[in-house]
Amino acid sequence: MAVNIIKEKSLAKVGQVKLGATKEEGGTRTVTYTVGGDSALPFHHFDGEIANRPIVAMEVQDIKPNWPETLTKHFEGVLDKPGEWAKKCVDEYGADAIYVRLEGAHPDGADKSPDQCVAVVKEVLDAVGVPLIVTGCEVEDKDNEVLTAVAEACAGENLLLGFAEQENYKSLTAACMVHKHNVIARSPLDINICKQLNILITEMNLPTERIVIDPSIGGLGYGIEYAYSIMERARLGALQGDKMLSMPILCTVGKEAWRAKEANASQEEYPGWGDEEDRGILWEAVTASALLQAGASILLMRHPKAVELTKRAIDQLMEDNSY
Amino acid sequence: MLIIGERINGMFNDIKQALIDRDPKPVQEWAKKQEEGGARALDINVGPGVADRADAMKWLVEVTQEVSDLPLCLDSTDFNAIEEGLKICKRPAIINSTTAEREKIEVAFPMAVKYGASLIGLTMDKKGIPKDSDSRLAFAMELVAAADEFGLPMEDLYIDPLILPANVGQDHAPEVLETLRQIKMLANPAPKTVLGLSNVSQNCHDRSLINRTYLAMAMACGLDAAIADANDEELIKVAAAGEILLNQNIYCDSYVKMFKTR
């Protein structure tokens, strides 16, 4: 008797979001990506279609970041030149996209003007051909000014801009509507707020295929399991037809992984923990691979070696395992 | 919770008159209004006293589909009328209904399979509605076995354990709830369940209160669908809240709105 293989049937798919725009599409990118679109749990090729490969974006800042030496040494000489920094990430380290973090806009820090921030984004756009993800300094009022200016100056580039949050989503959503960009909807590790924020954004008439979810993650050892379970619930909801949870998911892996003491502490301080750089790389790569399994489509990362390991894991996970 | 709007039914005077005059307006208005209310399928019943039921069914299906993309629930005791309707349905329909009598099963199940339709099966035979849960379940089992026999996917079978008005057969209400619970254990995957909800309050006072109270109770026992008044705002709210409390849908502040617009 033939064995009847039972498949998990999904009622719906994860939504798809396109990042970047080529010259023909009104932008200047030489490559664009579509993320999301799965009709099964992550990498369950045997249950449905895993439509698009997750992508890895490497982080570039507009000021010299306060990163450990194990990270900065890989960007020697370019940390104050965002364009060259981005180029190095793409050409040497294989970044699929560039994540521009406008930390310099912070009013208590460099307090850069919206024009200065726009110039940085333009510099990166000129330097690389991959799509850009741009976020501000996470001070609401300043970000509303900065990101609106970036959205306007880069109209047509189909950027991914963040972060829209429940108490502050209108200004960025409107800018994305008018200048045709995508928005990152960030919720504080809360599936209910995640869903509600997506509803609020779509109520402003931004289509669902222009929204990416940032569920807020914790790094390995620092609450990653909360993020994991929320991402799982969102994916299950999406597959059951809940459109307001069906957007692809972005994870701020680099930022959270490198905050961990285990990724930073020196070997002199903890001789039993082994080599400092290996630890950092593994902390970031393991955080990334766990979140890939939970359904991440866009990973924002820092260390070139962690990026390499993660991209290799993605290659293997994308191999068809259907039967 | 699938709300199947009950209003396109020749039992109501405006639809009856529309059928006589072949005036699509009242039918189409109700189609749109019920969808706005929260219906995600529309019951279509030509009502009593129509000479050519097949022709009337075809006309109702046609004019409804002109304004609505919702699946239709073709409601008649005349399988010929249902089949004429099925032929022109643009989306998979629901056949409403067959009893558990063998001669009806042999017509209804193959018809559902042929047209890719779902099927509502009533837990009764020609002797009428059973008094208790056990007899209802025996009929439910006949229907489940028929789905297997004729190749109807179990999730396309809706079993209706038949509720009576609270002022006529008060003792039936708890029996139906128990039947709903048990139906879910008859097969894996389980068949779906449906009720003609408004029947529970026929000729009673404060009908909406009885309808929505019973809806909440029935949902907790495993009710998947209800042929109901989709424009009873309070009823729809109970259905929306019920889905949240049964963890069938992830909570968000706009849960009522999402129920109505999904």
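In what follows, chains are A, B, ... by sequence order, proteins preceding strands, each numbered from 1.
In this structure, B/F79 places its CZ atom where more than 12 heavy-atom neighbours from other residues, nucleotides or ligands lie under 6.0 Å away. Applying the 6.0 Å contact sphere to OH of B/Y255 captures no more than 12 heavy atoms from other residues, nucleotides or ligands. Within a 6.0 Å sphere centred on NZ of A/K18, other residues, nucleotides and ligands contribute more than 12 heavy atoms. Crowding of B/K58 atom NZ: a count of heavy atoms from other residues, nucleotides or ligands under 6.0 Å not exceeding 12.
Counting heavy atoms from C-beta outward, B/D253 and A/Q166 have side chains that approach closer than 4.5 Å. Two residues are said to be in side-chain contact when any heavy atoms from C-beta on lie closer than 4.5 Å; A/Q196 and B/M258 fail this criterion.
For the atom pair CD1 (B/I250) and CE (A/M244), the distance works out to 13.5 Å, reported to the nearest 0.5 Å. Interatomic distance, OG of B/S254 versus NZ of A/K195, reported as 9.5 Å (0.5 Å rounding).
With hydrogens and angles ignored, the 3.5 Å screen pairs a side-chain donor or acceptor of A/N192 with a backbone N or O of B/Y251.
For a residue to count as touching a neighbouring chain, one of its non-hydrogen atoms must lie under 4.5 Å from one of that chain's; by this rule A/L245 touches chain B with the side chain only.
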